Amino acid sequence: MNNTSMTDKDIMMGVLSDYKLAVETLSHAAIEAANESLKRDFINALNSTFEEQKQVWNAINQRGWYSVKPAQMQDIQETKNKFRQPAGIM
């Protein structure tokens with residue numbers, strides 16, 4: 001008999017995926033909102049979602065289910081420099 005039941009890891013990784021989708025959706029909604037009040041609501045919801053996602057990620061990481069390789073200081077500096085450059089607006 002196959003064991004097809006979901007593990008705690010499967011559930012937590014699913015929750016993390018749901019948060020990633022929510023961040024994408026809320027980001028898009030905030031960008032597209034023409035009404036300033038609605039835009040602010042989307043941004044507030046996005047910020048809350050980021051905080052909740054971080055809690056889920058921390059729980060997953062603490063269990064060793066989502067480990068990350070530390071970035072090299074040179075890579076960090078190069079990335080910072082890349083994003084400090086002004087974006088070309090047409």
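No experiment lies behind these values; they were computed from the predicted model shown. Computed over heavy atoms, backbone and side chain alike; hydrogens, waters and symmetry mates excluded.
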**OP:** Can you see which heavy atom on Val68 is nearest to which on Asn61, and at what distance?
**Re:** N-ND2, 4.5 Å
**OP:** Hydrophobic side-chain clustering at under 4.5 Å (ILVMFWY, transitive links): who's grouped with Val23? Put none if nobody.
**Re:** Leu26, Leu38, Phe42, Leu46, Phe50
Could you list the donor-acceptor pairs under 3.5 angstrom formed by side chains in residues 6-13, with sequence neighbours left out?
residue, atom, partner, partner atom, Å
Thr7, OG1, Lys9, N, 3.4
Thr7, OG1, Asp10, N, 3.1
Thr7, OG1, Asp10, OD2, 3.1
Asp10, OD2, Thr7, N, 3.0

Original post:
Can you name the residues that form a side chain to side chain donor-acceptor pair (under 3.5 Å) with Gln77, not counting sequence neighbours?
Top reply: Asn81
**OP:** With sequence neighbours excluded, tell me which residues meet side chain to side chain donor-acceptor pair (under 3.5 Å) with Ser37.
**Re:** none
Original post:
Which residue pairs pass the side chain to side chain donor-acceptor pair (under 3.5 Å) test when at least one of the two sits in residues 43-55, sequence neighbours left out?
Top reply: Tyr19-Glu52, Lys54-Asn58
Original post:
Got Asp75 and Glu78 here, is their nearest side-chain heavy-atom distance under 4.5 Å?
Top reply: yes
Subject >> side chain to side chain donor-acceptor pair (under 3.5 Å) involving Gln72 - partner list, sequence neighbours excluded >> reply: none
Original post:
By side chain to side chain donor-acceptor pair (under 3.5 Å), which residues pair with Asp41, not counting sequence neighbours?
Top reply: none
**OP:** Could I get the full list of side-chain contact (heavy atoms from CB on, under 4.5 Å) partners for Glu24, not counting sequence neighbours?
**Re:** none
Subject >> Straight-line distance of Arg63 CZ to Tyr66 OH, nearest 0.5 Å >> reply: 16.0 Å
Subject >> Residues clustering with Met73 (ILVMFWY side chains joined when closer than 4.5 Å, directly or via others) >> reply: Ile76
